[in-house]
Asks: 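Can you keep this structure in mind? I'll have questions shortly.
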Amino acid sequence: MTADRTSALLEDLNEEQSEAVLYQSGPLVVVAGAGSGKTRVLTRRIAYLIAQGVLPEQILAITFTNKAAQEMKSRIYELIGETASGMWISTFHSACVRILRRHAGRIGFTPSFSIYDDSESRRLIELVIAHLNMDHKRYSARAISHIISASKNDMYSPASYLGKASNEFEKSVAAIFFEYQKRLRDANAFDFDDLLLKTVELLKSNEDLALAYQERFYHLLVDEYQDTNRAQNELVALLGAKSQNVCVVGDSDQSIYAFRGANFRNLLNFQSMFSNAKVIVLNQNYRSTQNILDAANAVIEHNESRVKKRLWSALGPGEKIKIFRAGDERYEAAFVANEIVSLAAGKITSYADIAVFYRTNAQSRAIEEALVDRNIAYKVIGGIRFFDRKEIKDILAYMRLIDNIRDEISIRRVINVPKRKIGAKALEAIERYGEENSLTFYEVLLDIDNCPLPSAARSGVKKFLGQLELLRDLRDLPPKKIMEDLLDVTSYREDLLEEADEAGPLANQAMNRLEIIDELMSVAMEHEDLESFLSSTALLSPSDDLKSGNEAVTLMTIHGAKGLEFDAVFLTGMEESLFPHDRAMSDPEELEEERRLCYVGITRARKYLYLTHTYTRTIFGRTLDSLPSRFLRELPKDLVVDMSIHAVRASDTFRDAALFTDEPEGVIFGMGNASAMAGSRYSYSDIASRSYAEKTFTGSNRNHTKADVRRDHTPGEMNPFKVRDVDEINLFRVGDKISHARYGQGVVKSITGSDGDKVAVISFLDHKERKFLLAAAPIKLLQ
DNA sequence: GCATCACATGTTTTT
DNA sequence: CATGTGATGC
C-alpha cells in the first residue's frame, strides 16, 4: 500500500489511536474510554488490514448489537467500498447462527433449527415443569429459566450442574434442565444461550472445524469486550488460538450487563488468555465537554473495584450540568419537554440530537405524554420489541414451522390459531399419548388417528397439518411470498379483515394488527430466503429498531444508550431505589454496576447534560416519596447548576432539602421558556401532529390514554406551606405566576369566593387546570 | 371449548 | 398499573 493511503487512514487520529490501527499482528487490547474514538480505531484498523493485503473473508468483527454492526459496515464501506463485502461483521449471536446453520448436523440438529427467545424458552420450561409433575408455584418457570440461563452463561451442562447441585431444589432444577435440553433437541431448537454454547461445543468437539475457522478468521476484532460472558470469552479464545490476531476493545467502566452473565474481568484478564498482548489506552475524549467528563470521572471514582483512569477533553469546560427537582414524574416530564422546546429554539437544531434516558422502560410514559402535549416528535427505543407482538409471533411461528416442523413451541402457539377446536383438553390428550408411546409432540400429530381425541379436535389437527403441508411446499420461495400465502391459507388475514369491518372497539385493534402485519411484510421483502429472514428476526433487539435521521427526540433506557451520543442528554429519575435500582442497592457489586450505568449515561452527552429527579413518584399505582440519587451527591458542586424552584426546596417535609444549598445560578425554571410555552399551548389540540408523534413511536403500541386526573392533594402528605391569613390570600391576583409544590409552575386563571374561602383556578405547565383553596394550597407567588 | 370476569401477581436493565 | 392467570359460566 502506498504511504499516501496509510496516512489518509491515520488522518485525524492521535498517537495512541494510530498505534492501535497500525499494530501489526498478535493480541491487542484497546482500553477505550467513553467517546475516545474506538469505533474510528476499529474501522480504520480493518481498512488498514485490508490495505495490507488481508482478505475481507479473513476478518471477523464482532459488535454488541446488530445496529452497531450495521453502523460499522457502512463506515467501512465508506473507507474501502465494495471490498468490504465478504467480511463478517455481526454480533456474537448472529455469527454463531451462521456457523451453526452450516454444521448443525454435527451436533444432532438440522440446519433449519429454530431460535427460541426468552419467552419461548420460558414456555418450554413451563411445559417441562408440568411434564415432570412439579409444583409450578415452587418451581416458577421464570426463576428456573433464570438459573438455567445463568448456568449456561457459565458453561454448565445439565450434567455438570447436577454435579454441583447441593440440595433438593438444585437437584430438581437439574432434572428440569436435563428435560429442557432434551425437548429443545426434539424441537430442533436452540435458545439464545445455546447459540453461543453449542457453537463452542461444536468447535471443541470437531477439531477440523475449529482449525478451519481459526484459519479463516485470521483477524478477530471484538468491540465492547467488557460485556462478554464466559461462553463468548471462550469462543474468542478458541477462534484466536492459532493466529493470535485478536484485537479486543472495551472499557471496564462501561460494563453494564453483569446481570446477564457479562464479566468485565474478561477484558482485564485478556492478557492472561493471550500472553504478551499489547495494551493501548485511549483516554482522550472527543465527544464531551470537560465539565461533563469531570462529572463522569467524579461519579465513577466512587467505585472500589476498577482500574483508575481519567478522561480528558480538548473541547473546553462547556456549560454546567443542570439539575432539576420536580414535584412528581409528570412535572419532571413537563420540565424535560419544556427544556427540549427551548433547546430546539436555540442551541440545538434538530430533535434528533436530543435524548431522554431513564432507568426503567416504565418511566417513558410520563415523558411521552409531556412530549405529545408539546407536539414534539419522539421515538421510543426498547420496551417491547416489534417482534414480540402477538400477531407477529403468530406469523413467525408459521414461518418457522415451514422451515422446521418439529418446533414444538411454534406448533403449540398456532395449532389453534385461527381456531380449530383444539383446546387445552385436546392438547393434554396429545401430551399423554406422547408420554405413553415415547413420541415427541410432532410425532403424535402424525399418528393422530390413533390418539384418543374428540372427533372435532382430531379433524382440527388434520386441517392444521394439511395447511402446513401445503405451506411447506413454498419453503424455497421468497419470504414475502410465503408470508402472503400463509395469511391466505390459514385465513389469518381474512379473519382480521372481518373483525375490522365489524363495528365496536375490536375493529380498531384489528386494523392496527393489519398494519403491523404490513410492517412485517416489508421486513420480509428485505430477505431473499426464509432462513435468513428467520435468523435476523430472531436476533433483532429493540435498539436495532433505531432508525437514524429521524427528526425526533430519542427516548430509551440507559442500557439502550450504550455506544450512542447526543448533543443534549436528559437523565431522568435520578432517585434512590430507581437509580440505583432497589434490587441493586444491597449488593456492592450490583451497586457498582449501577454506578457504571450512570457513568455510561453521563458520557453520552456532548454539550448539555440535565439530571432530573422528583419528590414523589408513582410506581405500580403507589405514590412514594423519593430521595435524590446518591449519584447526584457524588457530583462536584461547582459543576452543577440547580434549576429547581426555591419554594419547593424550602419544604421541611423533605429530609434532604440541604442537598444543593448553593444559590442557583440559572434562571428559575420556566422564565426562559415563556414564549415557547405559549406557542405550544395552541398546538396542543392539533390532532394531526399528535398522531405523528405516535407514529414515530416505534417501540410498542401502548395507547396514550392520559393518566387520570390526579387525586386531590391529601392534607399532611406534603404541605410545607402554612395556612394563610386573609391579607396573604388577597395577595394572589389573576395572571400571577405561582409555583406549586407538586405541579410546579402555573398561572392563576381565575379567583372565586371571598376571604378564607377563595378558590383559585390555576393552569399548569402540563396544560391542566386545577382548583385550589388559596388559604391552604401549597403554592407560592413567584417574582 | 370458549368467553368473560375477578383476582392476584409481579414488575431492572436485554443479546 | 397492566398484564397474566385462574375460576366460573355458557
Side-chain angles (χ1 to χ4, degrees), chain A residues 62-69 90-97 115-119 121-123 126 136-137 140-143 146 149 152-153 190-196 223-224 227-229 231-232 255-262 357-363 365-366 381-385 387-388 390 416 419-429 453-454 456-457 460 506 536 538-545 556-563 573 577-585 587 590 593-594 596-598 600-601 618-623 700 702-703 705 707-708:
Chain A
I62 303 279
T63 57
F64 195 70
T65 63
N66 292 291
K67 157 95 178 144
S90 69
T91 63
F92 272 106
H93 292 266
S94 317
C96 287
V97 168
I115 300 165
Y116 285 171
D117 67 18
D118 286 343
S119 69
S121 117
R122 196 177 318 137
R123 175 86 189 102
E126 270 167 22
H136 71 282
K137 291 222 169 87
S140 89
R142 173 178 286 276
H146 224 82
S149 175
K152 285 184 175 184
N153 284 332
F190 295 115
D191 65 17
F192 265 31
D193 304 315
D194 274 350
L195 293 176
L196 304 170
D223 196 6
E224 308 278 15
D227 281 321
T228 54
N229 62 27
Q232 291 165 329
S255 169
I256 54 175
Y257 283 100
F259 69 91
R260 67 171 205 224
F357 301 155
Y358 33 78
R359 181 60 179 65
T360 66
N361 281 303
Q363 290 165 252
R365 179 155 182 178
I381 310 300
I384 65 159
R385 297 187 311 169
F387 293 99
D388 283 339
K390 181 188 173 300
N416 204 30
K419 300 264 180 284
R420 296 186 183 96
K421 300 201 186 299
I422 306 162
K425 275 269 145 50
L427 290 178
E428 240 172 70
L453 272 184
L506 288 176
S536 81
L539 296 174
L540 281 181
S541 72
S543 55
D544 294 323
D545 290 350
M556 61 174 121
T557 64
I558 311 170
H559 281 90
K562 185 163 107 158
S577 287
L578 186 58
F579 191 29
H581 196 275
D582 211 24
R583 304 269 301 246
M585 294 208 303
D587 177 350
E590 287 184 48
E593 175 144 319
E594 294 285 303
R596 289 194 294 268
L597 190 57
C598 183
V600 167
T618 305
I619 301 172
F620 311 133
R622 301 197 79 80
T623 302
S700 80
R702 243 173 299 177
N703 42 2
T705 45
D708 40 31

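Order of the sequence lines fixes the chain letters, A, B, ..., with proteins taken first and strands second; residue numbering starts at 1 for each chain.
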Asks: Taking atom C1' of dT12(B) as reference, at what distance in whole Å does atom CZ of Arg260(A) sit?
Replies: 13 Å

Asks: Between C1' on dT14(B) and CD1 on Ile256(A), what's the gap in Å once rounded to a whole number?
Replies: 10 Å

Asks: Return the set of residues passing salt bridge (charged side-chain N to carboxylate O under 4.0 Å, His left out) with Lys390(A) (not counting sequence neighbours), or none when no residue passes.
Replies: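 Residues passing salt bridge (charged side-chain N to carboxylate O under 4.0 Å, His left out) with Lys390(A): Asp394(A).
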
Asks: What residues form a side chain to side chain contact (heavy atoms under 4.5 Å, CB included) with Ser149(A), not counting sequence neighbours?
Replies: Asn153(A), Asp193(A)

Asks: Using the side chain to side chain contact (heavy atoms under 4.5 Å, CB included) criterion, which residues pair with Lys419(A)? Sequence neighbours excluded.
Replies: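 Partners of Lys419(A) under the side chain to side chain contact (heavy atoms under 4.5 Å, CB included) test: Asn416(A).
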
Asks: Salt bridge (charged side-chain N to carboxylate O under 4.0 Å, His left out) with Asp587(A): which residues, sequence neighbours excluded?
Replies: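 With neighbours one apart ignored, the set is empty.
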
Asks: How close or far is atom P of dT15(B) from atom CG of Asn229(A), stated in whole angstroms?
Replies: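 Distance check: Asn229(A) CG to dT15(B) P gives 14 Å.
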
Asks: Just the rounded figure in Å: distance from P of dT13(B) to CG of Asp227(A).
Replies: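 For the pair Asp227(A) CG and dT13(B) P, the rounded distance is 16 Å.
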
Asks: Among all residues two or more places apart in sequence or in another chain, which pass the side chain to side chain contact (heavy atoms under 4.5 Å, CB included) test with Arg583(A)?
Replies: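 Arg583(A) satisfies side chain to side chain contact (heavy atoms under 4.5 Å, CB included) with His581(A) once adjacent residues are dropped.
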
Asks: Given the C1' atoms of dT5(C) and dT12(B), what is the spacing between them in whole Å?
Replies: 23 Å

Asks: Taking only residues two or more places apart in sequence, or in another chain, which ones meet Ser140(A) in a side chain to side chain contact (heavy atoms under 4.5 Å, CB included)?
Replies: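 Counting only residues at least two positions away or on another chain, Ser140(A) forms a side chain to side chain contact (heavy atoms under 4.5 Å, CB included) with Arg142(A), Ala143(A).
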
Asks: Compare side-chain N and O positions of Thr65(A) against OP1 and OP2 of dT14(B) and report whether any pair is under 4.0 Å apart.
Replies: no

Asks: Could you pull out the closest heavy-atom pair between Phe192(A) and Ala538(A), with the gap in Å?
Replies: CZ-O, 3.4 Å

Asks: Would you say that Thr63(A) contacts Glu224(A) through its side chain, given a criterion of any heavy-atom pair below 4.5 Å between the two side chains?
Replies: no

Asks: If you assign Glu590(A) and Leu196(A) each to the DNA chain B nucleotide with the nearest heavy atom, which residue ends up on the more 5' nucleotide?
Replies: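 Its nearest nucleotide being more 5', the pick is Glu590(A).
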
Asks: Under 4.0 angstrom, heavy atoms only, what part of the nucleic acid is Tyr257(A) near: base, sugar-phosphate, or nothing?
Replies: sugar-phosphate

Asks: Applying the 5.5 Å / 30° rule, does Phe259(A) stack onto the base of dT12(B)?
Replies: no

Asks: Mind checking if Asp118(A) touches a base, just sugar-phosphate, or nothing, with heavy atoms under 4.0 Å?
Replies: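 Here Asp118(A) touches the bases of the nucleic acid.
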
Asks: Using atom CD1 of Ile381(A) as one end and atom P of dT13(B) as the other, report the distance to the nearest whole Å.
Replies: 15 Å

Asks: May I have the distance from Phe64(A) (atom CZ) to dT14(B) (atom C1'), rounded to whole angstrom?
Replies: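 Atom CZ in Phe64(A) sits about 7 Å away from atom C1' in dT14(B).
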
Asks: In whole angstroms, how far is the P atom of dT13(B) from the CD atom of Glu593(A)?
Replies: 13 Å

Asks: Summarise how protein sits on nucleotides 1-11 of chain B as a single string, 5' to 3': B when a protein heavy atom is under 4.0 Å from the base, S for sugar-phosphate-only contact, - for no contact.
Replies: SSS-------B

Asks: Lys67(A) NZ to dT15(B) C1': how many Å, rounded?
Replies: 16 Å

Asks: Polar atoms only, N or O, under 3.5 Å: list the protein pairs with nucleotides 4-9 of chain C and their distances.
Replies:
none

Asks: Closest approach to the side chain of Asn361(A), judged atom by atom: which nucleotide of dT12(B), dT14(B), dT15(B) is it?
Replies: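 For Asn361(A), the side-chain atoms sit closest to dT14(B).
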
Asks: Got a sec, which residues hit salt bridge (charged side-chain N to carboxylate O under 4.0 Å, His left out) with Arg420(A), two or more places apart in sequence or on another chain?
Replies: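 With sequence neighbours excluded, Arg420(A) shows a salt bridge (charged side-chain N to carboxylate O under 4.0 Å, His left out) to no residue whatsoever.
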
Asks: Any side-chain heavy atom of Lys562(A) within less than 4.5 Å of one from Tyr257(A)?
Replies: yes

